[in-house]
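The next block holds one structure in the form of structure tokens; read it before the comments.
Convention: sequence-line order gives letters A, B, ...; per-chain numbering from 1.
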Number of protein chains: 2
Amino acid sequence: MNIGEIARRAGVSRSTVSYALTGRRPVSAETRQRIQAVIDELGYRPNAAARALKEGRTRTLGLVIPPASARLTDMQLGFVASVVEAAAQADLDVLLSPSGGDHDRSFERLISGNRVDGVILMEIRLEDERVTRLHREGLPFVTIGHTAHPHGTCWVDVDYGTLVARCVHHLADLGHRGIALLNRSTELIAAGYGPAHRAQAAFAEAIHQRGLTGVDLPCADDPAAGEEWFEQLRDRHPGVTAITTINEAALPGLQRGIERLDVAVPREMSIAGVAARHWAEGFRPQLTAADVPTLEMGAHAVALLLERIATPTAPPRHLLLTPPISLRDSTGPARTT
Amino acid sequence: MNIGEIARRAGVSRSTVSYALTGRRPVSAETRQRIQAVIDELGYRPNAAARALKEGRTRTLGLVIPPASARLTDMQLGFVASVVEAAAQADLDVLLSPSGGDHDRSFERLISGNRVDGVILMEIRLEDERVTRLHREGLPFVTIGHTAHPHGTCWVDVDYGTLVARCVHHLADLGHRGIALLNRSTELIAAGYGPAHRAQAAFAEAIHQRGLTGVDLPCADDPAAGEEWFEQLRDRHPGVTAITTINEAALPGLQRGIERLDVAVPREMSIAGVAARHWAEGFRPQLTAADVPTLEMGAHAVALLLERIATPTAPPRHLLLTPPISLRDSTGPARTT
DNA sequence: GTCGGGAGTCGAATCGATTCGACCACTCGA
DNA sequence: TCGAGTGGTCGAATCGATTCGACTCCCGAC
């Protein structure tokens with residue numbers, strides 16, 4: 001059931017069927033109805049490959065996700081879901097590529113051979129070979145997160161630096177003098193993962209500004225590590241009375257550690273950080289945190305990419321979001337010793 | 001940079017380039033090298049649409065995921081990741097469609113217009129319109145989970161019925177007389193979600209066989225609901241000394257509830273269930289549970305689908321997995337009152 | 001009465017690959 | 001020595017859509 005078959009049955013030429021479908025030239029109401037009837041009867045849908053070949057675009061976006069070996073965090077999952085959803089709303093399909101680096105077969109397939117009209121990249125590092133590769137290839141793309149050289153590319157990101165600084169100031173205002181940063185894993189930091197580095201820098205700066213004592217400790221992205229992290233913190237840094245966290249995945253473990261060592265939150269330990277609302281509200285007591293708007297970010301990324309595809313020569317646009325910090329129940333005045 | 005350009009620069013015809021690439025006819029070593037050199041220099045990759053059009057297949061699989069509105073559970077995420085990974089290993093791409101039901105635009109696009117060679121479906125209900133739709137369409141497909149009429153289709157599933165029964169027997173062997181089933185949400189049960197129904201039936205049967213008292217309570221798929229579920233259980237069914245769970249997402253809440261009410265596990269309450277290893281090991285104390293092998297299941301689904309695509313007429317194959325129950329620390333002898 | 005123009009339609013070219021039939025130049029066996 | 005077979009290559013057809021140029025009506029304006 002190709003367009004020729006429809007044309008034959010409707011007694012018109014193939015081009016007329018095409019014009020009836022796309023509306024790019026006038027077709028009489030009568031003919032259009034006859035064609036539509038045949039189409040409905042046969043359940044015809046134009047062949048995607050043929051259309052893509054002729055039009056030179058595929059109506060498909062590529063989404064590069066971290067490989068399955070690395071467990072996706074809840075936030076990454078949120079991005080994937082929201083990107084797919086936003087694309088579906090715009091009648092676009094999404095092709096997935098699980099690839100960590102450049103010169104990965106799946107990544108190569110995605111970006112060459114005109115398989116997609118544009119690409120969305122996540123888990124961006126400060127120096128990211130995939131970004132330079134896409135630049136070379138000339139394929140429109142948008143990143144969720146940004147590199148150390150942000151001006152040449154389109155991206156959407158959360159301003160981790162500012163958010164961490166705000167958390168520190170909030171805690172300092174409450175009288176806390178010793179604050180720890182629950183950072184992401186050492187591997188990610190070593191790999192040059194942006195948010196971890198920006199959080200680190202902003203933390204150090206804010207601590208210095210307020211004349212506080214800061215403890216910057218990385219932590220693997222899983223519950224068990226979170227528990228251990230807290231034990232070590234209590235053990236080695238007894239002066240710390242507040243925590244700033246950007247490590248969502250460690251939260252359940254942090255909670256377990258707190259309960260096991262029987263530490264009262266916020267009376268003995270205040271916590272403020274950055275997390276998806278889902279996690280912040282799941283914490284006991286509910287976490288004072290900046291809620292990362294994953295849904296909006298995915299939608300923005302798709303919107304930016306569509307703009308870029310439409311006008312590839314326009315100057316690249318960025319979106320640096322600084323969601324407000326929702327005051328919940330995990331922060332309170334410092335214990336006066 | 002299409003095949004014609006390569007041919008021109010290498011001084012051969014287009015067909016020779018094609019044969020050099022696919023190896024479907026002999027090409028002299030010398031010619032092949034000359035062609036390869038040009039290809040490497042220009043970074044040529046065959047146009048996917050043109051190839052798909054001519055070959056009649058796209059080397060792309062479709063994966064239907066629940067819409068973003070419903071938060072993906074960890075297990076579903078595991079399936080997505082493993083399917084994408086397995087497909088990448090076989091040099092196949094994966095097209096995502098977030099759609100709950102039939103006659104969803106994204107679903108329609110996926111299955112018509114020859115966009116994909118086959119489809120993998122998840123979140124299968126006992127009666128699933130998408131399955132009948134795919135049957136009608138004649139597109140090869142595999143489901144993760146199975147309907148009430150499993151014989152006509154290919155699928156991979158975990159035998160929730162047997163696993164729940166085994167949990168009950170295990171708990172009964174330990175002397176427990178009152179056992180609760182922590183089931184999935186009422187919405188899923190109402191929608192005819194298979195695992196929930198099969199668990200229910202097997203639970204009732206095993207309880208009856210052993211002459212026990214069973215409490216079958218649904219629970220929304222989130223931590224908060226899990227916490228509430230446990231409170232209600234303690235409140236209304238004080239005779240229950242053991243829990244069988246198939247609701248992964250409720251586990252963190254269950255844990256919080258247990259800790260808040262200060263219930264000792266397994267001394268006062270034993271727990272056994274079905275969960276991804278990740279969740280079972282994250283529970284405190286570690287959960288006695290059948291580990292759902294999400295990675296293997298995704299890989300199996302892809303393998304079955306490839307078989308089906310290769311020989312669509314072969315009788316459909318199924319795979320019903322019954323992973324062993326890993327004895328961990330959450331089950332113990334019933335308290336003798 | 002005719003001329004311009006738009007509505008409506010058709011045929012043919014095109015996108016970039018694969019593939020079939022044909023052809024040439026060799027080699028090997030009878 | 002001749003024919004069969006084969007390695008190596010080419011040209012043309014093909015997949016299923018879109019799109020351009022051209023053609024036919026028909027209507028209204030001059």
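- By the 4.0 Å N-to-carboxylate-O rule, B:E108 lies close enough to B:R133 to be salt-bridged with it.
- Between the CZ atom of A:R51 and the C1' atom of D:dT19 there is a distance of 13 Å, rounded to whole Å.
- Taking only side-chain nitrogens and oxygens, B:T16 never comes nearer than 4.0 Å to OP1 or OP2 of D:dT9.
- In this structure, A:L53 atom CG and D:dT14 atom P are separated by 17 Å, rounded to whole Å.
- An OP1 or OP2 oxygen of C:dT9 is reached within less than 4.0 angstrom by no side-chain nitrogen or oxygen of A:S13.
- Out of D:dC10, C:dC10, C:dA17, the shortest distance to the side chain of B:N47 is found at C:dA17.
- Scanning atom types as modelled, no donor and acceptor separated by under 3.5 angstrom connect the side chain of B:R45 and the base of C:dG16.
- The CG atom of B:D117 sits 10.5 Å away from the CG atom of B:D93 when rounded to the nearest 0.5 Å.
- A perpendicular orientation is assigned to the rings of B:H135 and B:F141, their planes being inclined by more than 60° (bins at 30° and 60°).
- In this model, the phosphate group of C:dT9 is approached by a side-chain N or O of A:T31 to a distance below 4.0 Å at OP1 or OP2.
- Atom CZ of B:R25 is separated from atom P of C:dT19 by 10 Å (rounded to the nearest Å).
- Atom-to-atom, CZ of B:R34 to P of D:dG8 comes out at 13 Å; the value is rounded to the nearest Å.
- For A:I3, the side-chain atoms get nearest to D:dA17 when compared with the rest of D:dA17, C:dG21, C:dC15.
- Side-chain proximity of B:V12 to D:dC10, D:dG21, C:dG16: nearest is D:dC10.
- Nearest heavy-atom pair, A:V158 versus A:P293, reported as atom, atom and distance to 0.1 Å: CG2-CD, 4.4 Å.
- Taking both residues in full, the closest heavy atoms of B:I35 and B:A10 are given as CG1-CB, 4.0 Å, listed atom of the first, atom of the second, then distance.
- B:R24 comes within contact range of the sugar-phosphate backbone alone, with a heavy-atom separation under 4.0 Å but no base atom that close.
- The side chain of A:P46 approaches D:dA17 more closely than any other nucleotide in the set D:dA12, D:dA17, C:dC10.
- Residues B:D91 and A:R105 are paired through a salt bridge, judged by an N-O separation under 4.0 Å between the basic side chain and the carboxylate.
- Of the two residues contacting DNA chain D, namely B:S28 and B:K54, the nearest-nucleotide position lying further toward the 5' end is that of B:S28.
- Under 4.0 angstrom from either OP1 or OP2 of D:dG16 there lies at least one side-chain N or O belonging to A:N2.
- Protein atom CD1 of B:I39 is 14 Å distant from nucleotide atom C1' of C:dG16, rounded to whole Å.
- Following rounding to the nearest Å, A:M1 (CE) and D:dA17 (C1') show an atom-to-atom distance of 16 Å.
- Taking for each of A:R14 and A:Y19 the nucleotide of DNA chain D with the nearest heavy atom, the 5'-most of the two is the partner of A:R14.
- The distance between atom CD of B:E5 and atom P of C:dG16, rounded to the nearest whole Å, is 11 Å.
- Using a 4.0 Å heavy-atom criterion, one finds that A:P26 contacts the bases of the nucleic acid, with or without backbone contacts as well.
- Under 4.0 angstrom from either OP1 or OP2 of D:dT18 there lies no side-chain N or O belonging to A:T22.
- What separates CD1 of B:I35 from C1' of D:dT9 is a distance of 10 Å, to the nearest Å.
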